[in-house]
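I have placed the structure first, in the form of structure tokens, so that the comments after it can refer back to it.
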Amino acid sequence: MESSLVYSQSQWDIVLASFVLAGFALFATFVYLLATRRELSPRYRPAGSAGALIGLVASAAYLLLTVSWLSGFDFDRSTATFHPSDSVLQFRNAYRYVDWAVTVPLLTFELLFVSTLTGARARKNRLVLGALAFLMIATGFLGADTFNSTTGRLVWGLVSTVFFVPLYVTLLRTAFRSARELGEPAGPSLRRAGLMLSWTWGVYPLAYCIPFFFADSPGWVVAAQLAFTLTDIAAKVGYGFFIHAVAKARTALDVS
Amino acid sequence: MESSLVYSQSQWDIVLASFVLAGFALFATFVYLLATRRELSPRYRPAGSAGALIGLVASAAYLLLTVSWLSGFDFDRSTATFHPSDSVLQFRNAYRYVDWAVTVPLLTFELLFVSTLTGARARKNRLVLGALAFLMIATGFLGADTFNSTTGRLVWGLVSTVFFVPLYVTLLRTAFRSARELGEPAGPSLRRAGLMLSWTWGVYPLAYCIPFFFADSPGWVVAAQLAFTLTDIAAKVGYGFFIHAVAKARTALDVS
Amino acid sequence: MESSLVYSQSQWDIVLASFVLAGFALFATFVYLLATRRELSPRYRPAGSAGALIGLVASAAYLLLTVSWLSGFDFDRSTATFHPSDSVLQFRNAYRYVDWAVTVPLLTFELLFVSTLTGARARKNRLVLGALAFLMIATGFLGADTFNSTTGRLVWGLVSTVFFVPLYVTLLRTAFRSARELGEPAGPSLRRAGLMLSWTWGVYPLAYCIPFFFADSPGWVVAAQLAFTLTDIAAKVGYGFFIHAVAKARTALDVS
Amino acid sequence: MESSLVYSQSQWDIVLASFVLAGFALFATFVYLLATRRELSPRYRPAGSAGALIGLVASAAYLLLTVSWLSGFDFDRSTATFHPSDSVLQFRNAYRYVDWAVTVPLLTFELLFVSTLTGARARKNRLVLGALAFLMIATGFLGADTFNSTTGRLVWGLVSTVFFVPLYVTLLRTAFRSARELGEPAGPSLRRAGLMLSWTWGVYPLAYCIPFFFADSPGWVVAAQLAFTLTDIAAKVGYGFFIHAVAKARTALDVS
Amino acid sequence: MESSLVYSQSQWDIVLASFVLAGFALFATFVYLLATRRELSPRYRPAGSAGALIGLVASAAYLLLTVSWLSGFDFDRSTATFHPSDSVLQFRNAYRYVDWAVTVPLLTFELLFVSTLTGARARKNRLVLGALAFLMIATGFLGADTFNSTTGRLVWGLVSTVFFVPLYVTLLRTAFRSARELGEPAGPSLRRAGLMLSWTWGVYPLAYCIPFFFADSPGWVVAAQLAFTLTDIAAKVGYGFFIHAVAKARTALDVS
Ligand SMILES: CC1=C(/C=C/C(C)=C/C=C/C(C)=C/C=O)C(C)(C)CCC1
Ligand SMILES: CC1=C(/C=C/C(C)=C/C=C/C(C)=C/C=O)C(C)(C)CCC1
Ligand SMILES: CC1=C(/C=C/C(C)=C/C=C/C(C)=C/C=O)C(C)(C)CCC1
Ligand SMILES: CC1=C(/C=C/C(C)=C/C=C/C(C)=C/C=O)C(C)(C)CCC1
Ligand SMILES: CC1=C(/C=C/C(C)=C/C=C/C(C)=C/C=O)C(C)(C)CCC1
Ligand code: NA
Ligand code: NA
Ligand code: NA
Ligand code: NA
Ligand code: NA
Ligand code: NA
Ligand code: NA
Ligand code: NA
Ligand code: NA
Ligand code: NA
């Protein structure tokens, strides 16, 4: 388990640095999208709001990851290594799922708010896809933490995948179809958001499978944490700016 | 008592995760409803303000629950269990009542602000129902913490119920009658808010009765904490969004 | 002294709960009055600002009281009692005076801003009554903490009363005279604010006299803390909402 | 040195109380001046912004002073005294200079923004006086902390005075000349701001000289801390409200 | 390494003071630029937003530096020295790179937003220069922390320089060419921003080379920390105010 291993100084440092980096980037995204909400027309403003809340919640989550990375280890100066501590707050990768349980439904809404879906159909899509997103993460948490044996991980991972597949397919289809319908200048930004979504969301299930194939080791933990952190920044900050560009372009069209 | 038991790692983890999840969802609700207040007409804006304050106070309460869950236990790595600590800040389920003493009156106002009641009748209803809500929680706290013997719990629970019954009946009657009067499109959202209120408010008195029927055990504590946390999210975040939908629909009607 | 006594669990708990409750209610008042400032006309807006700042400062003061209540005691699980700790931050009732030194002058201004006083007379009243309020609290602090022998307490309490009497009389006279002059609908709210002020401000000097008549005991400390806390909520939150109602009613009159 | 002395309970308490009081008053000033910026015309708004930032920075500085006053001492209950602790964060009066390095230039700007200086002359004055203010404080810090022998203190104090004299003279001259030029109603407020500046800025160099004449003692430390704290409130909060009154009066003149 | 040395009291103090000073100045910049965003026309507003976010992120970074400076050392009163502690959070100069990874791209954008580049060319420049900035810092971090041998430092420093050169040249060329094109009154401010950029950005690579030429010593660490801190203030606060002046001047031109 990631909290029972011994890390070298540069391993421990780069993980800490990546958490702080993600927290900075996400909190700045929150402040930026909140301050610029009024520049979007009322129809697309909810996309800005959703992006802002994603930044807020995710930066709070990185604060928790950072604090648990600090409190979960003790420093041994003589060997320059970081050992598991006795603190009650241990580092757990599974704490990321708490963030996702709130932000993945919001990422879903963010896209729907700038898509071409309208009225009752848009509302229904939001409800169904939001629920799928929440259930995908909640069941994933059970496999990654609560019933974390090989079987538990496998079974709950499969249950989670059952929610993942229709969610992923519908979102991508909506993104690319809307992008085509919108044309210039909003379309290309929406296409970019869809592409960003397609690869980032693929990283999480792959990372979930690491323990099936590789034994626990500090190197794998560091690699996985860096991958998660960079993917999170892409999936929230990068994607959020593409969605914001769509909202701005559509606002300009509606106004003129 | 919940603070004197020993929890396994997955038990302790899922409770922590649920507290953090509730804190994230409630704080995001605060920020969202505060930022969008101006989109409601002055008449319904107080409903948005009440919803925002509920999110703020309740997220602060979950921060306190989280901190006391951390400080109230020590981690034993060898057995992977969490034991009661000697810290002055012990975990107490009763700290939830402090949140409720502020938020349950506000939940009451939230509904009244979007109902069809107006003028002096609305003001009187707010005063009376707000007082009933506060007294229901204050007396419930006496039974759950201050005089927490079987008799004390029973007597104060009954006193609390005396405030509960007229409050619950009046609120639901107001919700459903107003929903009928409002018709499309505000009515259905108000009906949904009423339904949400009807089942969520029933969970709390039931959970209060657990100690009459079951002995203290880690399993029951975990189940009760998860139930409280999910019900709180439904009763504050879900209900708040339905109320917001009513306020938005009525704003649109008044404007057009 | 309150910091050298031993408290039972339910005694310690209810004091903590009351502090957290006051902090929540006062901070919510801050956020609400700050967010709604713009709904008051420029003339009465300072009343809203004063009310907001009172909520802010007082909630910070309750945070300090809460932290010192936590750090000032150690928990003994075997007897379920709370004993004085060795921490540098001991609980002190006198820390309340720091809050009052800022908020009592502001409470004075809050009333003057919605009264019928105008121009140079209003400015002079603000200056004189603000100074009386500050001096009343500063000298009271000397009696309650710095020179806290029976004689010191008596002498400084009398000095404080010398400032109290003209302040109290002028404020109540201004409130009731203005209420008469204003008539419906602002008058009755101002009368209610005056009544609220009249009894709440009487509680503090009475509580100051407890040590002259009763020996130190945990029961008296708990009673005094609950009385202070509930009176603070009435004198700041309740009174603040009455003042806000006056400001709103006068704004509506000026506009129409 | 202030951090190596033993304080009685009432000595330690009144210093703590004064720090918390200053923090409350300064933070309230920040919130008030920030919220009311828009009530000033664009020309005088920077004075409001400067006043707000002064309140923000200085309240953060008082938080640091408060925390170091807590962490720098241990409490001995048997003798009711406060002894130097082994904590890394010792109380240092010199930490006040960090606040001043930011706020004294801002206090300078605050006055210039509401004076009658305009255009290139105003800009040049801001640059020169801001630089003098910063250098005065930076060199004062070297004398009070870095080279704190009798000679070091003397030499650096004299260097600091070289910056002080032209700054003080120019500021007062600008204040009183502008006050004359402005006449009623802005003039008298500006005169009051000038008078406030004249005596408050005199207190700091005097306090700097205490160690030349008196040996270290708890009584002197307490007296100096109270003097600094009350002077800070006068020089920032009181002065800030006079400047704000000038800005408001000039805004009203420009508008009508 | 900076975290394994022993510092005298005045050495340790001046570093702490400089960190707190930078934190104050940067946070005040954040609040100021956020509050005044609306005074810029929509076209130049992103420059204000970028400046505000830089202030926010960098002040958070200085909070982290401050906390690690406190937690990384223990105080020995008998010798008045500060020794390395056993805390898990050690002081690391490399934590500055986390700030830079976010703020250096933003500093780049800040300049581009007020330059004369427009349309697709502006967007492309932002993308390319932002990426160069991020890669320059990320590879610099590898040399300063992850592979911090003499060879590692050299190799990664050279890789970083490969990104630095085109970035630096393009930015300066853009600044000075745009300054010429803009003429009075925006031009001179932009030229000043360019000059500020030219020398501040030169300090960082020089400081990176210190370990190639000088052995670790407390004196060098103190000098380097003071240099970094003052340069950071110049490169973010000073530069930010010049950029803001350009944005204000161009807004005034567009309006009139
Ligand atoms: C399919 C699947 C999963 C999918 C997770 C996803 C798709 C997460 C997306 C997270 C995002 C987008 C975060 C943004 O910051 C789990 C839960 C790992 C469990 C195993 C099966
Ligand atoms: C009748 C009754 C109770 C009712 C509690 C209720 C109705 C609480 C509602 C809380 C809500 C809505 C929270 C929202 O987040 C108590 C106090 C348990 C005591 C026993 C009797
Ligand atoms: C006369 C008198 C006093 C008066 C205190 C008052 C009037 C306090 C009011 C506080 C308020 C209104 C707080 C609001 O939250 C003291 C100082 C106890 C000292 C003894 C004499
Ligand atoms: C001349 C002189 C000094 C002047 C200090 C001043 C003038 C400080 C003003 C501070 C203010 C106005 C703070 C506001 O809150 C020092 C540095 C003590 C060093 C000795 C010589
Ligand atoms: C070329 C080079 C570097 C350049 C760093 C720069 C240019 C940093 C700029 C920082 C700023 C502007 C911060 C503002 O606050 C490194 C990374 C030291 C590594 C060695 C080679
Ligand atoms: Na929105
Ligand atoms: Na640790
Ligand atoms: Na409202
Ligand atoms: Na613990
Ligand atoms: Na005001
Ligand atoms: Na304690
Ligand atoms: Na300004
Ligand atoms: Na201490
Ligand atoms: Na912007
Ligand atoms: Na330390």
Side-chain angles (χ1 to χ4, degrees), chain B residues 1 3-4 30-31 33-35 37-38 42 45-46 48-50 52-61 63-65 67-68 71-72 83-90 92 94-103 105-106 120 123 126-127 134 137-138 141-142 144-149 152, chain C residues 7-36 38-39 55 59 63 66-78 80-85 87 91 185 188-189 222 226 230 233 237-238 241 245 248 251-252:
Chain B
M1 205 177 191
S3 59
S4 324
F30 160 61
V31 172
L33 292 179
L34 191 74
R37 273 182 76 246
R38 300 272 177 89
R45 206 172 286 163
S49 306
L53 298 180
I54 289 166
L56 175 67
V57 168
S59 57
L63 184 62
L64 178 61
L65 288 176
V67 172
S68 67
S71 89
H83 296 260
S85 79
D86 288 336
S87 158
V88 73
L89 185 63
Q90 294 288 311
R92 284 259 190 296
Y95 292 155
R96 293 179 176 275
Y97 287 71
V98 178
D99 160 357
W100 300 343
V102 177
T103 56
L106 286 171
R123 271 197 298 281
R126 254 185 341 253
L127 204 74
F134 180 80
I137 302 299
F141 178 82
L142 297 181
D145 193 278
T146 317
F147 307 109
N148 186 9
S149 61
Chain C
Y7 298 88
S8 77
Q9 186 154 291
S10 41
Q11 285 176 330
W12 191 87
D13 263 24
I14 203 168
V15 170
L16 182 70
S18 77
F19 289 172
V20 175
L21 176 68
F24 284 175
L26 288 158
F27 195 74
T29 300
F30 161 60
V31 172
Y32 180 75
L33 292 179
L34 191 74
T36 58
R38 300 272 177 89
E39 288 160 23
S59 57
L63 184 62
T66 304
V67 171
S68 67
W69 189 249
L70 288 167
S71 88
F73 298 93
D74 287 335
F75 174 54
D76 181 343
R77 184 177 298 276
S78 60
T81 53
F82 291 74
H83 297 261
S85 78
S87 159
F91 178 71
S189 292
V222 171
L226 292 182
L230 296 179
I233 295 176
V237 181
F241 279 87
K248 264 192 145 164
T251 292

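Chain A is the first sequence line, chain B the second, and so forth, proteins listed ahead of strands; every chain is numbered from 1.
- In this structure, C/F75 CZ and B/S71 OG are separated by 11.0 Å, a value rounded to the nearest 0.5 Å.
- Residue contact with chain C, scored on non-hydrogen atoms closer than 4.5 Å, is absent for B/A94.
- Looking at B/L56 and C/F27, their side chains come closer than 4.5 Å, going by heavy atoms from C-beta outward.
- How far CZ of B/R45 is from OG1 of C/T36: 10.0 Å, rounded to the nearest 0.5 Å.
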Exercise for the section: Check the pair C/V20, B/Y95 against side chain to side chain contact (heavy atoms under 4.5 Å, CB included), reporting the backbone distance first and the verdict last. Expected result: CA-CA 9 Å; C/V20 175; B/Y95 292 155; over 6 Å; no
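- Counting heavy-atom pairs closer than 4.5 Å to chain C, the top-ranked of the candidates B/L34, B/T103, B/D145, B/L106 is B/D145.
- Nearest heavy-atom pair, C/A28 versus B/L53, reported as atom, atom and distance to 0.1 Å: O-CD2, 3.6 Å.
- Other residues, nucleotides and ligands contribute over 12 non-hydrogen atoms within 6.0 Å of the CZ atom of C/R77.
- Rounded to the nearest 0.5 Å, atoms CD (C/Q9) and CZ (B/R92) are 4.0 Å apart.
- Within the 4.5 angstrom heavy-atom criterion, atoms from both the backbone and the side chain of B/S4 approach chain C.
- Contact count against chain B (heavy-atom pairs under 4.5 Å) is highest for C/D13 among C/V31, C/D13, C/D76, C/I14.
- Atoms CZ and CG, on C/F24 and B/L64 in that order, are 6.0 Å from each other to the nearest 0.5 Å.
- In this structure, chain C has a heavy atom under 4.5 Å from the side chain of B/F141, while its backbone stays farther away.
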